Trainee: 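Okay, here's the structure, questions in a sec.
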Amino acid sequence: LKALPDHALAAVGSRSQASADAFAKEHGAARAHASYEALVADPAIDAVIVATLNAALAPISLAAVKAGKHVLSQKPFVLDLAEGTRLVQLARDNGVKLAVNQNGRWSPHMAWMREAVLAGVIGDLISAHTAVHWNHGWIAGTPFEKIDDLILYDFGIHWFDFLRSVVGDRAQSVVAMAAPAPGQTARAPLMAQVLVRMEQGQASLVFDGATPHGPRDTTYIAGTHGTLRSEGPDLGQQTVTLTTAAGQATPALHGNWFNDGFRGAMGALLVAVEDDLEPANGAEENLHSLALAFAAIRSRRTGKEVAVGEATRLEL
């Protein structure tokens with residue numbers, strides 16, 4: 001909410017009146033409700049941000065959509081693709097917009113590269129590769145370390161969504177693996193990698209989540225007419241270079257993933273509402289991003305290549 005200073009928080013809903021009152025006081029909300037059912041029934045509410053535990057996201061979004069509210073859901077907005085398809089159709093039938101907080105799409109470097117690819121600046125996309133090397137050991141002792149496929153799920157879901165946004169439906173199958181790093185104290189493996197088989201192309205993700213020194217974060221996208229390279233020590237410090245036959249260019253990036261990514265996700269929903277369009281981070285497209293993530297997690301668990309769409313549920 002601190003990432004959205006330009007938006008008024010009309011009301012909040014929580015599991016008790018006491019917690020709702022405390023949250024409303026902290027964030028300046030006009031009203032506090034003791035349940036999400038009461039919140040979505042509030043006639044003064046136009047749009048709802050659903051930010052809760054994964055298993056509760058879909059039921060709350062469903063209630064909001066039924067009540068005629070626009071929704072920005074935390075990710076993943078569903079744990080079952082069939083359930084997601086039904087929710088998308090219900091939102092369409094009720095005339096409301098359903099978007100997902102895939103805020104990585106609005107990190108400055110990812111946003112610039114995505115728009116350049118979609119505008120045809122580098123021609124037809126050949127490959128997309130991301131390699132992240134920085135310490136994720138802070139998860140030790142937190143609820144995050146209870147997620148077996150933390151890297152493929154918590155970080156990877158942003159990468160799968162970004163990949164989907166630039167390759168469309170060309171991804172065919174996924175091979176993934178994960179392993180603990182020497183000396184790591186967190187329970188969940190902090191190293192993971194993914195290979196994506198694409199129609200006339202390939203993609204990969206390498207995540208070294210236990211690298212104690214020399215952090216590095218790079219993305220390389222190759223096309224028939226040029227390449228895009230983003231590089232820096234972390235997600236917040238990136239330099240993008242475009243290379244074509246005409247030479248090289250380095251665009252000026254503005255903002256930061258945190259918190260501009262969250263502004264972008266909410267802004268996309270509001271633009272869609274105002275212009276009556278599908279949100280740039282719409283739930284229907286996000287189902288394809290989730291299919292990639294689900295395939296990667298099943299591949300890691302089975303040791304087999306998994307076709308995109310074969311894994312239809314996420315079980316954590």
Side-chain angles (χ1 to χ4, degrees), residues 51-58 73-84 100-105 110 128-165 167 171-198 202-211 217 219 235 257 283 286-316:
T52 184
L53 298 176
N54 299 329
L57 291 172
S73 172
Q74 187 53 267
K75 41 70 178 170
F77 82 102
V78 291
L79 304 180
D80 183 297
L81 298 182
E83 181 181 32
V100 184
N101 187 26
Q102 290 285 178
N103 47 77
R105 288 195 178 199
M110 286 185 172
H129 305 285
T130 293
V132 179
H133 317 275
W134 46 273
N135 197 348
H136 226 60
W138 60 268
I139 69 164
T142 74
F144 285 103
E145 71 171 343
K146 298 178 182 179
I147 303 175
D148 291 334
D149 288 291
L150 173 74
I151 300 303
L152 295 176
Y153 169 73
D154 185 62
F155 173 80
I157 202 165
H158 288 291
W159 182 77
F160 292 122
D161 184 68
F162 174 71
L163 182 65
R164 163 67 189 183
S165 75
V167 306
Q172 298 174 329
S173 61
V174 179
V175 175
M177 60 195 74
Q184 75 166 68
T185 58
R187 188 183 71 83
L190 292 180
M191 298 189 298
Q193 52 188 325
V194 180
L195 295 175
V196 178
R197 188 190 302 274
M198 299 190 332
Q202 60 183 8
S204 68
L205 166 67
V206 174
F207 195 105
D208 292 332
T211 305
D217 186 310
T219 297
L235 295 172
W257 185 335
N286 192 248
L287 287 170
H288 300 284
S289 303
L290 292 182
L292 278 167
F294 293 179
I297 291 172
R298 175 174 289 187
S299 175
R300 197 285 302 171
R301 294 181 178 182
T302 63
K304 299 178 180 179
E305 184 171 357
V306 176
V308 177
E310 179 181 332
T312 61
R313 290 179 52 83
L314 176 63
E315 298 178 0
L316 297 175

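Keep in mind it's a predicted model, so treat the numbers as computed, not measured.
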Trainee: Are any non-hydrogen side-chain atoms of Ser165 and Arg105 less than 4.5 angstrom apart?
Mentor: yes
Trainee: Under the ring-ring contact (aromatic ring centres under 6.0 Å, His included) test, which residues partner Phe294, sequence neighbours left out?
Mentor: none
Trainee: Any side-chain heavy atom of Leu152 within less than 4.5 Å of one from Arg300?
Mentor: yes
Trainee: Side chains of Leu290 and Ile157, heavy atoms from C-beta outward: is any pair under 4.5 Å?
Mentor: yes
Trainee: Show your reasoning for whether side-chain contact (heavy atoms from CB on, under 4.5 Å) applies to Trp159 and Leu292.
Mentor: CA-CA 10 Å; Trp159 182 77; Leu292 278 167; over 6 Å; no
Trainee: Given side chains that start at C-beta, do those of Val194 and Val196 come closer than 4.5 Å, heavy atoms only?
Mentor: yes
Trainee: For the backbone of Ala307 and the side chain of Ser173, can you confirm whether one donor and one acceptor N or O come within less than 3.5 Å of each other?
Mentor: no
Trainee: Do Arg197 and Val174 have side chains that get closer than 4.5 Å, going by heavy atoms?
Mentor: no
Trainee: Work out which heavy atom in Ala291 is nearest to a heavy atom in Gly309; give both atom names and the distance.
Mentor: CB-N, 4.2 Å
Trainee: Go through the structure and list residues passing side-chain contact (heavy atoms from CB on, under 4.5 Å) with Glu83, not counting sequence neighbours.
Mentor: Ala58, Val78, Asp80, Arg86
Trainee: Quick one: OG1 on Thr142 to CZ on Arg187, what's the gap to the nearest 0.5 Å?
Mentor: 11.0 Å
Trainee: Please table the atom pairs, donor to acceptor, closer than 3.5 Å between any side-chain atom in residues 131-140 and protein atoms at least two apart or in another chain.
Mentor:
from, atom 1, to, atom 2, distance (Å)
His133, ND1, Asp208, OD2, 2.7
Asn135, OD1, Gly137, N, 2.7

Trainee: For His288, check ring-ring contact (aromatic ring centres under 6.0 Å, His included) against everything at least two apart and list the hits.
Mentor: none
Trainee: Specify the closest pair of heavy atoms between Leu163 and Ala128, including all atoms of both residues, with the distance to one decimal.
Mentor: CD1-CB, 4.0 Å
Trainee: Assess whether side-chain contact (heavy atoms from CB on, under 4.5 Å) is satisfied between Thr219 and His129, documenting all intermediate values.
Mentor: CA-CA 6 Å; Thr219 297; His129 305 285; over 6 Å; no
Trainee: Does Gln74 have any side-chain contact (heavy atoms from CB on, under 4.5 Å) partners at least two apart in sequence or in another chain, and if so, which?
Mentor: Leu57, Asn101
Trainee: Are the side chain of Ser299 and the backbone N or O of Ala295 linked by a donor-acceptor pair below 3.5 Å?
Mentor: no
Trainee: Minimum heavy-atom separation for Glu145 to Ala186, with atom names?
Mentor: OE1-CA, 3.4 Å
Trainee: For Lys75 and Asp154, run side-chain contact (heavy atoms from CB on, under 4.5 Å): C-alpha distance rounded to whole Å, both residues' side-chain angles, the deciding distance at 0.1 Å, then the answer.
Mentor: CA-CA 9 Å; Lys75 41 70 178 170; Asp154 185 62; 4.0 Å; yes
Trainee: Any chance you could measure Glu310, atom CD, to Lys304, atom NZ, to the nearest 0.5 Å?
Mentor: 9.5 Å
Trainee: Using the test salt bridge (charged side-chain N to carboxylate O under 4.0 Å, His left out), find all partners of Arg164 that sit at least two apart in sequence or belong to another chain.
Mentor: none
Trainee: Please test Leu150 against Phe155 for side-chain contact (heavy atoms from CB on, under 4.5 Å), starting from the C-alpha separation and ending with a verdict.
Mentor: CA-CA 7 Å; Leu150 173 74; Phe155 173 80; over 6 Å; no
Trainee: Are any of the side-chain nitrogens in Arg301 or Asp148 under 4.0 Å away from the carboxylate oxygens of its partner?
Mentor: no
Trainee: Which pair of non-hydrogen atoms, one from Ser204 and one from Leu195, has the smallest distance, and what is that distance?
Mentor: CB-CD2, 3.9 Å
Trainee: Might you point out which heavy atoms bring Ala203 and Met198 nearest each other, and give the distance in Å?
Mentor: CB-SD, 4.3 Å
Trainee: Atom CG in Leu81, atom OG1 in Thr312: separation rounded to 0.5 Å?
Mentor: 6.0 Å
Trainee: Are Thr130 and Val206 close enough that some pair of their side-chain heavy atoms sits under 4.5 Å apart?
Mentor: no
Trainee: Looking at every heavy atom in both Phe77 and Ser73, which two are closest together, and how far apart are they?
Mentor: CB-OG, 3.4 Å
Trainee: If we check ring-ring contact (aromatic ring centres under 6.0 Å, His included) with His158, which of these qualifies: Tyr153, Trp257, Phe207?
Mentor: Trp257
Trainee: Any side-chain heavy atom of Asp217 sitting closer than 4.5 Å to one from Leu235?
Mentor: yes
